[in-house]
Every structure is written in C-alpha cells, then in structure tokens.
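Heads up, the thing below is written out as structure tokens.
Only heavy atoms go into these numbers, but all of them, side chains included; no hydrogens, no water, no symmetry mates.
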Amino acid sequence: MIPDLSADRIDRLREAFRAASYDADGVLDLLGHSAHAALGRGEPMPALRATEGAGPLGTLVRLFLLGRPETRADVQAALGSLTIDDALAAGILAADGELLRAGLDIRPHGEGEHSWWVVSDLDSDLRGGRPVDPDHVLGVGHASLSLVRATARRPVGSVLDLGTGCGVQALHASTHASSITVTDVSQRALALAAATFRLNDVDAELGEGEWFDPVRGRRFDLVVCNPPFVVGPPRTDFTYRDSGLAGDDASALVVRQLPSFLNEGGTGQLLASWVHREGEDWEDRVASWLPPSAGVDAWFVQRDVADPDLYVGTWLRDAGYDLRSEQGMRKAAEWLDWFESNDVIGIGFGFVTLRRTDGPGEVICEDLRHAFDDPLGPESDAWLRRVDWLREHDSDDDLLAARLVTADSTVLEQVSQPGDEGWEPIVHRLHRTDGPGWQHEIDELGVRLLAGFRGALPLDELLELLAMGYGEDVEELTSAAIPMVRELVRHGMVVPAEWRGVDQ
C-alpha cells in the first residue's frame with residue numbers, strides 16, 4: 001500500500017518537528033552522549049529515561065526512535081497542526097488500542113552542519129520482531145552510511161541517485177549538486193523518498209522504473225547507487241536488497257551500464273558485491289564487468305569478504321527471520337544450497353568508483369580489509385587526480401623529470417633485529433597515517449631516495465646522486481625505482497612538488 005503523504009500533511013509535520021526541536025542536535029541534547037550512544041547500540045532504556053518529562057520532543061523520540069506507544073493527547077500535542085486523523089490516514093501513525101504508535105520510521109539524520117529527517121519503513125525490531133514486508137523501504141543503515149562516506153563531495157551540476165530507497169544519498173547530494181534526479185523500481189520507495197525530500201525542502205526529480213530505464217538517453221555529472229546487491233539465487237524476497245538476478249549480476253549490471261550515463265569526466269560511486277570462487281581471481285572478475293568500448297577509470301575497493309554461512313545468517317536476521325524457525329531454516333538451506341551448487345566460497349563487498357574518460361582507462365582493484373577511520377570520499381577524488389597526473393607523466397622520461405615530495409602524512413617504520421654490530425634494520429615500511437592507511441615495504445635505497453624528495457631536484461638527478469653515493473648502476477636503479485615511485489604516487493605517499501600544501 002502506498003501511504004498518502006500529501007504535501008500539506010508533510011508541511012505540517014515539518015512545522016511540528018521544528019517546534020519541538022526534533023532534529024539531530026535536539027535529540028542529542030535531550031538524550032546526552034551516553035544515552036544516544038546506547039540507543040545506537042540497540043539499548044533503549046537510557047534514552048527512555050532521558051525522555052521522561054521532556055514534553056513534545058520526548059514524545060516524538062519515544063514514538064519514532066524507541067517505538068513506544070503514546071497517548072492520543074501527548075501525540076496531538078507533539079504534532080501541532082497535523083491532526084491525528086490525518087497522521088493515521090497518511091500512515092505516519094498506527095492505532096494500538098487506545099494508544100498510538102509510529103506507522104513509519106521518521107528520524108533525524110545529520111552530518112556536520114546539515115540536519116535532515118528521513119522517512120522509511122519500521123525495521124523488524126520496531127515491528128515487534130516480525131519480518132519486514134516484501135516492499136519494505138530501508139532506512140539509514142550501515143551500508144547507506146558507508147556509501148555516504150565513500151562519495152566525493154565536490155560541487156557538480158547534476159546527480160542521479162539510482163535506486164534511491166528512502167532518499168538519503170540524494171539528501172547528501174543536495175549539499176553540492178545543482179540538480180538531483182532519483183529513480184526506484186518501488187512505488188512505495190518513491191513515495192517515502194518524496195516525503196523525505198518535501199520534509200527537507202529538497203527539490204528532486206523522481207522516476208519510476210528498473211535500473212537505468214527512467215533516464216535512458218541522459219547523462220549526469222555524478223551517479224550514486226546503493227543497489228540491491230545481495231548475492232544469491234535469482235529471486236526477489238525484498239525489493240530493497242534482492243534484484244531478481246542471480247549471484248552478483250546486479251552489481252555487474254550497474255558497473256557495466258553506469259559509464260554510459262556519465263558526462264565526460266563524470267563519476268559514478270556505488271556499493272557492490274562479488275562472488276569468490278576457488279581458482280578465480282576476484283580482481284579479474286570485477287574488472288571484466290567494465291564496458292569494453294568506453295574509456296573508464298575504475299577503482300574497486302574490497303572492504304570485506306564473508307563466508308557463505310555468515311553471509312546468509314546476517315541477511316536473514318536483517319529481514320527479521322528467526323533462524324531457528326522452520327521458515328528461517330528453509331530459507332537458509334535454499335540459499336546455502338545455491339552457494340554450494342555455484343562453487344561460491346566467499347562474498348566480497350566494497351566500493352566502486354568509475355569515471356568516464358576520453359581514452360584508455362586505468363583499472364585498479366585493491367583489497368583494503370584493514371581497519372581505517374577516514375572516509376573514502378575525499379580519497380576517491382584524490383585518487384582520480386593522481387591517476388590524471390600519472391597519465392600525464394606516462395613516459396619514463398616525464399616521470400624522471402618530475403620534482404616530488406614525500407607527503408606529510410607518510411611516515412617510515414623500521415623493524416630491526418640484534419646483530420654483531422648492534423641493531424640491524426630488516427624491514428622498512430612506509431605508512432600513510434590518513435585515508436585508507438596504505439603501507440609499502442621498501443629497501444634501504446628506497447628509504448634514501450625518499451629522503452631526497454623535497455621538491456628541489458627532479459627524480460632523474462636524485463637517482464644519479466644515489467647511484468654514485470652507493471656504487472649502484474644508475475640504469476638498474478632507475479629501472480627498479482620507476483614502478484615503486486608510480487605506486488607511491490598512486491597511493492598519495494609521494495606527490496608532485498607543485499601540490500605541496502594542497503589537499504591531495
């Protein structure tokens with residue numbers, strides 16, 4: 001059923017939220033950091049205690065964030081000019097005997113100076129543990145926040161949010177884009193996304209249809225996509241996660257088609273999953289998804305690999321299934337049977353950055369499963385900039401003529417062991433202390449070379465000095481140094497001297 005979230009009802013709801021300070025800052029101020037953190041961990045009691053006697057704001061927090069039933073009088077006081085009858089008709093509220101409960105999940109979502117409200121469906125916990133409906137519209141979860149953090153925020157003209165769901169990616173895009181277009185195959189998702197946009201005074205064009213069908217023939221500066229990437233048999237139990245395509249075909253479809261919807265130099269950023277099979281390299285698999293005819297720079301980042309048992313259990317719990325029930329065990333058995341019959345030994349998950357270019361593209365696949373805190377969005381923009389610089393310095397002569405500096409965020413770690421003459425270094429490892437925290441082991445001559453990266457001399461002169469100082473053959477030293485330097489530039493550990501003091 002599509003809720004009747006008319007513009008007038010949403011406008012009155014916005015007025016009520018503003019009057020009660022039901023926003024990201026207001027909720028944090030009411031709950032305090034400790035209770036707010038406990039709520040994020042799924043521990044409601046500290047938040048419940050903090051809302052006692054807190055008036056309309058306390059009512060809204062209990063209603064929408066804690067899933068508690070409230071009296072009609074308290075709810076009406078919190079909703080202001082939006083009547084209970086209108087809220088019930090819109091599906092915002094649901095009757096629970098003489099009390100009222102939330103019919104939709106409407107919660108504040110903030111980043112930096114921005115605060116929004118996001119409209120979605122109640123998750124399984126707020127539905128009393130019942131599985132969600134097939135057309136369930138997911139709220140702001142871990143995956144969507146991961147994509148938010150992985151998306152570059154440079155100013156752009158046009159953005160397409162493919163498979164918008166509740167609309168959270170479009171909200172973030174509204175901070176740096178002139179125009180926003182969103183699509184979804186689900187009418188319910190588009191209705192809730194429209195309510196999200198109206199609630200936040202965000203102007204967005206909505207299109208209904210599968211994949212890229214609603215925007216055929218158009219191009220955008222940025223495409224973001226959190227697709228139904230769950231890997232498994234070709235079925236659609238839940239539209240928010242299942243594509244109806246087998247295995248990782250949904251991710252492959254988006255990667256293959258997305259570049260044709262980008263303006264020249266435009267970028268696409270998405271979440272994706274890929275299967276791991278015995279004897280098959282995951283890097284070859286995902287690289288094969290790229291369109292053969294278009295120039296595309298592509299950066300595939302693998303953040304996790306799950307074994308099939310863990311993967312199936314996680315997604316079934318996410319939908320609210322009791323894994324010990326007959327239904328839960330049947331679903332798990334069907335899923336695991338499919339993995340076994342298709343030789344799946346693991347499921348990779350990560351981020352993909354694509355850029356349309358006018359010539360041959362650069363395709364890099366990297367396994368970044370180690371922990372790091374910095375978001376990938378700024379790094380993806382910087383990665384593309386470094387790819388451009390390396391392309392401009394494609395010949396060895398161009399690279400050797402460049403003046404380079406070691407980035408401020410690059411540090412050197414040395415591991416030594418006791419020897420006849422004291423401690424003897426056995427490992428020299430470079431670390432980047434920001435971004436994805438890349439590491440590279442280099443030899444003693446590499447350490448000496450980087451010590452000279454101060455922007456004063458070009459690379460070829462540094463190599464000549466190093467060869468003379470250590471009695472090395474300059475051609476052999478140069479041959480070994482060039483690929484190392486290129487990799488260090490690619491990872492932002494060494495940068496062009498002219499970039500000194502500029503965000504990389």
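For Q269 and S380, the side-chain atoms include at least one donor-acceptor pair closer than 3.5 Å. Side-chain atoms of S325 and D322 include no donor-acceptor pair closer than 3.5 Å. Defined by atom type and a distance below 3.5 Å, a donor-acceptor pair is present between the side-chain atoms of D367 and Q302. Using modelled atom types and a 3.5 Å distance limit, the side chains of E111 and H172 yield a donor-acceptor pair.
Test T267, L253, L270 against L258 for side-chain contact (heavy atoms from CB on, under 4.5 Å) and you get one pass: L270. Of the candidates D23, L31, D25, L30, V27 forms a side-chain contact (heavy atoms from CB on, under 4.5 Å) with just one, namely L31.
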>> Working note: R68 + D96, criterion salt bridge (charged side-chain N to carboxylate O under 4.0 Å, His left out); need CA distance, chi angles, decisive distance, verdict.
In response: CA-CA 10 Å; R68 305 289 295 180; D96 184 3; over 6 Å; no

> Run the salt bridge (charged side-chain N to carboxylate O under 4.0 Å, His left out) check on R188 and D133 step by step: do they pass?
Replying inline: CA-CA 11 Å; R188 183 175 182 84; D133 294 327; over 6 Å; no

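Counting non-hydrogen atoms of other residues, nucleotides and ligands closer than 6.0 Å to CD of Q187 gives a total of 12 or fewer. Atom CD of E413 has more than 12 heavy atoms from other residues, nucleotides or ligands within 6.0 Å. Within 6.0 Å of CZ in R41 there are more than 12 heavy atoms belonging to other residues, nucleotides or ligands.
Not counting sequence neighbours, R49 has no partner by the side-chain hydrogen bond (donor to acceptor under 3.5 Å, both in side chains) test. Considering only residues two or more places apart in sequence or on other chains, H491 meets the side-chain hydrogen bond (donor to acceptor under 3.5 Å, both in side chains) condition with E366, W438, H440. Checked against salt bridge (charged side-chain N to carboxylate O under 4.0 Å, His left out), D221 has no partners two or more places apart in sequence or in another chain.
Between E70 and R62 there is a salt bridge, with a side-chain nitrogen of the basic residue lying less than 4.0 Å from a carboxylate oxygen of the acidic one. With respect to the salt-bridge test (charged N to carboxylate O, under 4.0 angstrom), the residues D394 and R391 do not qualify. Using a cutoff of 4.0 Å between basic side-chain nitrogens and carboxylate oxygens, R107 and D105 are scored as salt-bridged. Salt bridge present: R285 and D248 bring a charged side-chain N and a carboxylate O closer than 4.0 Å. Using a cutoff of 4.0 Å between basic side-chain nitrogens and carboxylate oxygens, R490 and E362 are scored as salt-bridged. Ion pairing between E379 and R432 holds under the 4.0 Å rule for side-chain N and carboxylate O. Salt bridge status for R277 with D343: absent, with no side-chain N to carboxylate O gap under 4.0 Å.
We find the NE2-CH2 distance between H114 and W116 to be 5.5 Å, quoted to the nearest 0.5 Å. Distance CD1/I345 to CD/E280: 9.5 Å, rounded to 0.5 Å. Rounded to the nearest 0.5 Å, atoms CG (L206) and CG (D184) are 9.0 Å apart. H136 contributes atom NE2, which lies 10.0 Å from atom CG of L192 (distance to the nearest 0.5 angstrom). Atom OH of Y311 and atom CH2 of W335 lie 6.0 Å apart (nearest 0.5 Å). Once rounded to the nearest 0.5 Å, the distance linking CG of L13 with CG of L5 reads 9.0 Å.
Cation-pi geometry between R330 and Y321 is not met: the NZ or CZ atom fails to fall both under 6.0 Å from the ring centre and inside 45° of the normal.
Here the shortest heavy-atom pairing between F197 and G167 reads CE2-O, 3.6 Å. Taking each heavy atom of S144 and G139 in turn, the nearest pair found is OG-O, 4.0 Å. Nearest approach of G207 to L190, heavy atoms of both residues: O-CD1, 3.8 Å. The minimum heavy-atom distance linking W274 with V301 is given by the pair CH2-O, 3.9 Å. D381 approaches A152 most closely through the heavy-atom pair CG-CB, 3.7 Å. Closest non-hydrogen pair, R149 versus P375, comes out as O-CB, 3.2 Å.
Within the 4.5 Å cutoff, the side chain of D161 has no heavy atoms near those of the T181 side chain. In this structure the side chain of I442 reaches within 4.5 angstrom of the side chain of L430, judged on heavy atoms. V485 has its side chain out of reach of E487: every pair of non-hydrogen atoms, C-beta onward, lies at least 4.5 Å apart. Using a 4.5 Å cut-off on side-chain heavy atoms (C-beta onward), D213 and T183 make no contact. Between V275 and N342 the shortest side-chain heavy-atom distance does not fall below 4.5 Å. Annotation: side chain of V215 is in contact with side chain of R218 (closest heavy-atom distance under 4.5 Å). Taking 4.5 Å as the limit, some side-chain heavy atom of I106 sits within range of a side-chain heavy atom of L199. Contact check for L63 versus L93: side-chain heavy atoms found under the 4.5 Å cut-off.
The list of salt bridge (charged side-chain N to carboxylate O under 4.0 Å, His left out) pairs with a residue in residues 162-174, not counting sequence neighbours, is empty. Sequence neighbours left out, the pairs with a member in residues 204-227 that pass ring pair (Phe, Tyr, Trp, His ring centres under 6.0 Å) are F212-F261.
In this structure, the side chain of D443 engages the main chain of G446 through a donor-acceptor pair within 3.5 Å.
The aromatic rings of W299 and W383 sit parallel, their planes meeting at an angle under 30°, below the 60° perpendicular limit. Between F372 and H370, the ring-plane angle classifies as tilted under the 30° and 60° cut-offs.
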Return a table of donor-acceptor pairs under 3.5 angstrom between the side chains of residues 222-235 and protein atoms on other chains or two or more places apart.
from	atom 1	to	atom 2	distance (Å)
R235	NE	D237	OD2	3.1
R235	NH1	E334	OE1	3.1

